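The structure appears right after this line, and notes come after that.
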Amino acid sequence: MLSRVADSLYWMSRYLERAENTLRQLDVTMSLMLDPGEASAELRWSRMVEALGNPEGLEWNGNLEAMAREVIFNKTHQASVIHCVSAARENARQVRDEISSEQWQRLNRLFHHIQSPGAEEHFYRDTGELLAYLLDGIHLFKGVSDTTMVHGPGWHFIRLGRYLERVYATATLLEVFQ
């Protein structure tokens, strides 16, 4: 296997795992903000942003909907969902002959949905439903990867990217909350 192929498979998987982590953290943070407890909305938001690696421009402005929109749709933030999905698709495009057609279709469908004007309408209509839809798209890609791809070196690089990103996200979360 060529190193550029391994690199693309690895980063494709890492970006999708990062998108999933961002979606999950956003969902939990939004749910926690519904309950006015000990922690303020600003504190909860700052913890989430810290756990995402402190991307610039995500300082709390008091408007949860606008902030959530930034985390999902702002292409300039490397932790944003749209950036991660786009980067994953670009890496997959470079190795189309190494992944199954089903993997490409799932990732391409997710990419086109999040890029469409209908995605922002979906966000304003029902944010929770959009988050679930995007998570489902990522899970479908992972499931298709495990069932349609030969479990050779390429598949192992996909798993390596997924699990290293998961370890990084978990370590960052532990650091933020300890």
Side-chain angles (χ1 to χ4, degrees), residues 10-93 106-143 161-178:
Y10 169 83
W11 280 106
M12 172 193 69
S13 181
R14 241 187 122 160
Y15 279 121
L16 282 175
E17 187 68 26
R18 190 171 299 164
E20 180 180 356
N21 178 51
T22 300
L23 287 166
R24 288 186 184 285
Q25 287 195 39
L26 179 60
D27 189 35
V28 168
T29 300
M30 291 175 72
S31 295
L32 287 173
M33 287 186 180
L34 294 174
D35 178 28
E38 293 177 18
S40 69
E42 184 176 359
L43 175 63
R44 287 183 174 152
W45 185 263
S46 66
R47 282 182 176 166
M48 186 194 80
V49 170
E50 242 184 286
L52 294 178
N54 284 322
E56 291 184 28
L58 288 180
E59 290 79 28
W60 179 247
N61 67 7
N63 184 343
L64 179 59
E65 187 175 274
M67 300 305 298
R69 188 193 167 291
E70 283 289 306
V71 170
I72 296 172
F73 294 110
N74 190 330
K75 294 177 185 178
T76 62
H77 294 306
Q78 291 190 350
S80 74
V81 177
I82 197 167
H83 179 272
C84 292
V85 170
S86 297
R89 181 183 180 265
E90 179 57 28
N91 278 287
R93 189 189 61 74
R106 283 287 159 201
L107 185 51
N108 205 35
R109 189 173 295 153
L110 180 63
F111 169 80
H112 284 293
H113 180 76
I114 199 167
Q115 294 280 346
S116 73
E120 288 200 44
E121 292 170 17
H122 193 178
F123 172 81
Y124 289 116
R125 189 174 59 248
D126 189 348
T127 304
E129 185 181 304
L130 175 67
L131 296 178
Y133 180 88
L134 295 173
L135 280 171
D136 286 348
I138 293 168
H139 292 157
L140 286 169
F141 176 84
K142 289 178 181 181
R162 178 186 310 162
Y163 294 130
L164 281 178
E165 184 64 29
R166 195 172 290 173
V167 165
Y168 174 76
T170 303
T172 305
L173 258 176
L174 289 171
E175 184 179 355
V176 167
F177 284 93
Q178 292 302 323

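In what follows, every heavy atom counts, from backbone to side chain, and hydrogens, waters and symmetry copies are set aside. Source: prediction; values computed, not measured.
- Residues Met30 and Leu34 fail the side-chain proximity criterion, which asks for heavy atoms closer than 4.5 Å.
- One finds no salt bridge joining Arg14 and Glu17 here, because no Lys/Arg side-chain nitrogen approaches an Asp/Glu carboxylate oxygen to under 4.0 Å.
- Ring geometry, His83 versus Tyr15: the interplanar angle exceeds 60°, so the pair is classed perpendicular (tilted spans 30 to 60°).
- Applying the 6.0 Å contact sphere to CD of Glu120 captures more than 12 heavy atoms from other residues, nucleotides or ligands.
- No hydrogens or angles considered: nothing links the side chains of His139 and Asp136 as a donor-acceptor pair under 3.5 Å.
- The two residues Ala119 and His113 have their closest heavy-atom pair at CB-O, 3.1 Å.
- Interatomic distance, CG of Asn63 versus CD of Glu70, reported as 10.5 Å (0.5 Å rounding).
- Side chains of Asn21 and Gln25: a donor-acceptor N/O pair is present below 3.5 angstrom, by distance only.
- The OG1 atom of Thr170 lies 12.5 Å from the CD atom of Glu175; values are rounded to the nearest 0.5 Å.
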Exercise for the section: Any chance you could lay out the side-chain contact (heavy atoms from CB on, under 4.5 Å) test for Asn61 and Met67, step after step, and finish with the verdict? Expected result: CA-CA 8 Å; Asn61 67 7; Met67 300 305 298; 3.3 Å; yes
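- With rounding to the nearest 0.5 angstrom, the CD atom of Glu165 is 7.5 Å from the OH atom of Tyr10.
- Between the side chains of Gln115 and Ser86, at least one donor N or O sits under 3.5 Å from an acceptor N or O.
- A distance-only check finds no donor-acceptor pair linking the side chain of Thr172 to the backbone of Ala51 [under 3.5 Å].
- Taken to the nearest 0.5 Å, the OG1 atom of Thr127 stands 9.0 Å off from the NE2 atom of His122.
- A 4.5 Å side-chain heavy-atom check between Arg18 and Tyr168 finds every atom pair outside the cut-off.
- Among all heavy-atom pairs drawn from Phe123 and Arg69, the shortest one is CZ-N, 3.5 Å.
- Considering CG of Leu23 and CG of Leu130, their distance stands at 8.0 Å, rounded to 0.5 Å.
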Practice task
Go through the steps to decide whether Ile72 and Leu131 satisfy the test side-chain contact (heavy atoms from CB on, under 4.5 Å), and finish with yes or no.
Solution key: CA-CA 9 Å; Ile72 296 172; Leu131 296 178; 3.6 Å; yes
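- Between Arg24 and Glu20, at least one side-chain nitrogen of the basic residue sits less than 4.0 Å from a carboxylate oxygen of the acidic one, meeting the salt-bridge criterion.
- Not a single donor-acceptor pair under 3.5 Å links the side chain of Thr29 to the backbone N or O of Met48.
- For Thr22 (side chain) and Ser80 (main-chain N/O), no donor-acceptor pair under 3.5 Å exists by modelled atom type.
- Other residues, nucleotides and ligands place no more than 12 heavy atoms under 6.0 Å from the CD atom of Gln78.
- Minimum heavy-atom separation, Cys84 to Ala19: CB-CB, 3.7 Å.
- Residue-environment remark: CZ (Phe73) exceeds the threshold of 12 foreign heavy atoms within 6.0 Å.
- Within the 4.5 Å cutoff, the side chain of Leu107 has heavy atoms near those of the Leu16 side chain.
- A heavy-atom distance below 4.5 Å is found between the side chains of Leu134 and Leu110.
- Remark: Arg89 qualifies as a cation-pi partner of Phe111 under the 6.0 Å distance and 45° angle criteria applied to the six-membered ring.
- A donor-acceptor pair under 3.5 Å is formed between the side chain of Arg44 and the backbone N or O of Leu32.
- For the atom pair CE of Met33 and CG of Leu64, the computed distance is 5.5 Å after rounding to the nearest 0.5 Å.
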Practice task
Show the numbers, then the answer: is there a side-chain contact (heavy atoms from CB on, under 4.5 Å) between Ile114 and Tyr133?
Solution key: CA-CA 10 Å; Ile114 199 167; Tyr133 180 88; over 6 Å; no
